[in-house]
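Have a look at the structure below, then the notes.
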Amino acid sequence: MEIKLFINGQFKDSSDKIIKTSFDPSNGAEVAKYHVPSVKDIEEAVQAANNAFYNPEWKNMSQDARADLLLKISEKIKERAKEIVDVEVRDSGSTLRKAKADVHNTSAFFKVMSKVARELKLSVKDEAASRAGFSINSREFAPIGVCAQIIPWNFPLVMAGWKIGPILATGCTTVLKSAEETPASAAILAEIIRDAGVPAGVVNIITGGADVGRALISHPLVKKVAFTGSTQVGKEILKNTAGGVLNATMELGGKSANIVLNDADLSIAVDGALYAFLYHSGQACDSGTRLLVQEGIYPEFMEKFLSRIKDVKVAPTTDPNAGYGPVVSEKQMKTILGFIEKTKAEDGKLLFGGNRKTDGEFAKGFFIEPTAFEITPKHTIFQEEIFGPVVGITKFKTEEEAVLLANNSKYGLAGAVWSKDADKAHKIASQLEAGTVWINEYHLLNPGMPFGGFKESGIGREMGSEGIMSYLEVRHVWESDCNEREKKVWLDAIF
Ligand code: NAD
């Protein structure tokens, strides 16, 4: 597969002829050759997005027409599902099951965005603020303009969808940069967007590393940065956007607490805890990597947990029964193994796993065993995001202690509570400093509801009405409801 730059509705070569390769993390096989944009190409992409923003065909397009485009994209994703699943599995190390779910969810997300676009009211009179005979006050919503959108490698198609959906629903335009590890599915999405009839330049898609990202966000025509990635890079981007006073939404890292209370239904909670930290090899931002278990059920929970963890099948992604596959790259694998060694050195008690898998079919890939440690807040992995199949388990006595432990983190992306008592679970949920809290559930998201983080897990939200609003500027329009000269309150102000 050859992936060119998608600029102004056309697929183009890198003007500097920089071509790199992406690899299958299961076996090291080549997946794609992708073109990396030069500074000149980035300039062209941003100019294309800016021209498209002011192009009357896009600027004046009705919300119904935008909604129709979004629906077409949703349908075309479904039509090309098999092809997308195939590249996503090889490019990102997603299992077949995950890739199928990602394609389904992305298609569904564009469908939801279509409904949102159709129902979006861009001018709303505020009855409460208006005063008869004095003022008619309304809010008008206007698209922010050219956006620079930067996504990570863990959910390549889903992340591209979450970024591009609101662009099309609101009338913004974008240059989206996919991650170098996983350029493939966004390239197919580019074809789908073109084939759906989205005007040229509205969506531009390029792939590259930090340098490309830096050049993109510092372009003076960019009005908003939407970033998903690590907190460390998010902080750098925030510094770099300060000069342009750019609007920015940040979806960053996490170290989410998964709390199991004494009265939890263990027939669900044990599997839920495994799913929470092992889904996609632990490479999900909202992973439940701090497992907090109440002391009354600790022995029983742990016995079941350590018995059930053996049933999770680590396998190459083409195996339809793989529970999870490789981690995305050798670099990521080394980071994870480094955290495992550090935890051992800090006397964390290793309960399961802890090794790379290298025998037979695993030899050429980056596979790591499911790994569980018993830890306390003093261990590094209680605080630092690993982004791998590693959980730290901590025992607690009281619900108050569980809340303190859960909030003892610089992150605040997500969390969960497992209990048969809904009132008790809600009471705990309402005290968690986290953007999403599940009760007897994990990882599931609803496109109609916001997703994002407290504290260093981010700024702003994606999805829900909050996600849409983050692509719109608000304009207060004050119309006088008083056209009699002598009744104007300001008449004597300066005369
Ligand atoms: P990363 O921060 O290293 O890279 C993310 C993206 O930013 C990539 O496209 C990369 O090329 C680009 N980039 C890197 N340096 C840059 C710079 N200085 N300027 C501009 N762009 C730059 O993250 P990653 O390793 O790709 O992804 C894993 C991280 O993403 C984890 O921390 C995870 O928690 C986070 N994540 C968060 C969410 C969320 O919604 N909160 C979702 C998925 C992943």
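Remember, it's 1-based here, ligands and their atoms both numbered in the order they're listed.
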Query raised in the report: Does Thr289 use its side chain to pair, donor to acceptor, with the backbone of Phe277 at less than 3.5 Å?
Result: no

Query raised in the report: Starting from atom 44 (C) of ligand 1, which protein heavy atom do you reach first, and at what distance in Å?
Result: Asn154 ND2, 3.4 Å

Query - N or O contact, Phe387 vs ligand 1, cut-off under 3.5 Å - result: no

Report task. Say whether Glu236, considering both its backbone and side-chain N or O atoms, lies within less than 3.5 Å of an N or O atom on ligand 1. Result -> yes

Query - atom 8 (C) of ligand 1: the protein heavy-atom neighbour that sits closest, reported with distance to 0.1 Å - result: Ile151 O, 3.5 Å

Requested in this report: To the nearest 0.5 Å, tell me how far Ser409 OG sits from Glu385 CD.
Outcome: 10.0 Å

**Report entry** 4.0 Å heavy-atom contact, Gly452 with ligand 1
**Finding:** no

Report task. Mark whether atom 36 (N) of ligand 1 lies under 4.0 angstrom from at least one protein heavy atom. Result -> yes

Query - Salt bridge Lys378-Glu346, side-chain N to carboxylate O under 4.0 Å - result: no

Query raised in the report: Does ligand 1 have any atom sitting under 4.0 Å from a heavy atom of Ile217?
Result: no

Report task. Tell me yes or no: between the side chains of Lys163 and Thr228, is some donor less than 3.5 Å from an acceptor? Result -> yes

Query raised in the report: Would you find more than 12 non-hydrogen atoms of other residues, nucleotides or ligands less than 6.0 Å from Glu2 atom CD?
Result: yes

Query - Nearest option to atom 23 (O) of ligand 1, as decided by whichever heavy atom of Cys285, Gly209, Ser230, Gly453 sits closest - result: Ser230

**Report entry** Heteroatom proximity flag, Leu252 to ligand 1, N/O under 3.5 Å
**Finding:** yes

Report task. Using atom types as modelled and distance alone, determine if a side-chain donor or acceptor of Asp16 lies under 3.5 Å from a backbone N or O of Ile18. Result -> no

Query - Sidechain N-carboxylate O distance under 4.0 Å for Lys239, Glu236 - result: no

**Report entry** Heteroatom proximity flag, Trp153 to ligand 1, N/O under 3.5 Å
**Finding:** yes

Query raised in the report: Nearest to atom 27 (O) of ligand 1, what protein heavy atom do you find, and at what distance?
Result: Pro152 CB, 3.4 Å

**Report entry** Top protein contact for atom 13 (N) of ligand 1, by heavy-atom distance
**Finding:** Val233 CG1, 3.9 Å

**Report entry** For Leu413, the ligand 1 atoms whose distance to one of its heavy atoms is below 4.0 Å
**Finding:** 41 (N)

Query raised in the report: So which protein heavy atom does atom 32 (O) of ligand 1 come closest to, and at what separation?
Result: Glu385 OE1, 2.6 Å

Query - Separation between CD1 of Ile3 and NZ of Lys20, rounded to the nearest 0.5 Å - result: 13.5 Å

Query - Interfacing atoms of ligand 1 (cut-off 4.0 Å, heavy-atom, Thr228) - result: 5 (C), 36 (N), 37 (C), 38 (C), 39 (C), 40 (O), 42 (C), 43 (C), 44 (C)

Report task. Considering the heavy atoms of Gly208, write down every atom of ligand 1 situated less than 4.0 Å from one of them. Result -> 11 (O)

Requested in this report: Could you find the nearest protein heavy atom to atom 12 (C) of ligand 1 and give me its residue, atom name and distance?
Outcome: Ile150 CG2, 3.7 Å

Query - Flag for Ser74-Ser107: side-chain donor and acceptor within less than 3.5 Å - result: yes

Query raised in the report: Between Lys98 and Glu88, does at least one N-O distance fall below 4.0 Å, as a salt bridge requires?
Result: no

**Report entry** Lys410 side chain to Gln383 backbone, donor-acceptor under 3.5 Å
**Finding:** no

**Report entry** Nearest-contact summary for atom 11 (O) of ligand 1 - protein heavy atom, Å
**Finding:** Lys177 NZ, 2.8 Å

**Report entry** Phe155 touching ligand 1 at heavy-atom level, < 4.0 angstrom
**Finding:** no

Report task. Output the list of atoms in ligand 1 that are nearer than 4.0 Å to some heavy atom of Ala179, sorted by atom number. Result -> 9 (O)

Requested in this report: Within a distance under 4.0 Å of any heavy atom of Arg214, pick out the atoms of ligand 1 and give their elements.
Outcome: 18 (N), 19 (N), 20 (C)

Query - Test item: side-chain donor near acceptor, Glu181 and Ser329, under 3.5 Å - result: no

Query raised in the report: Just checking, is any N or O donor in the side chain of Ser15 or Asp41 under 3.5 Å from an acceptor N or O on the other one?
Result: yes

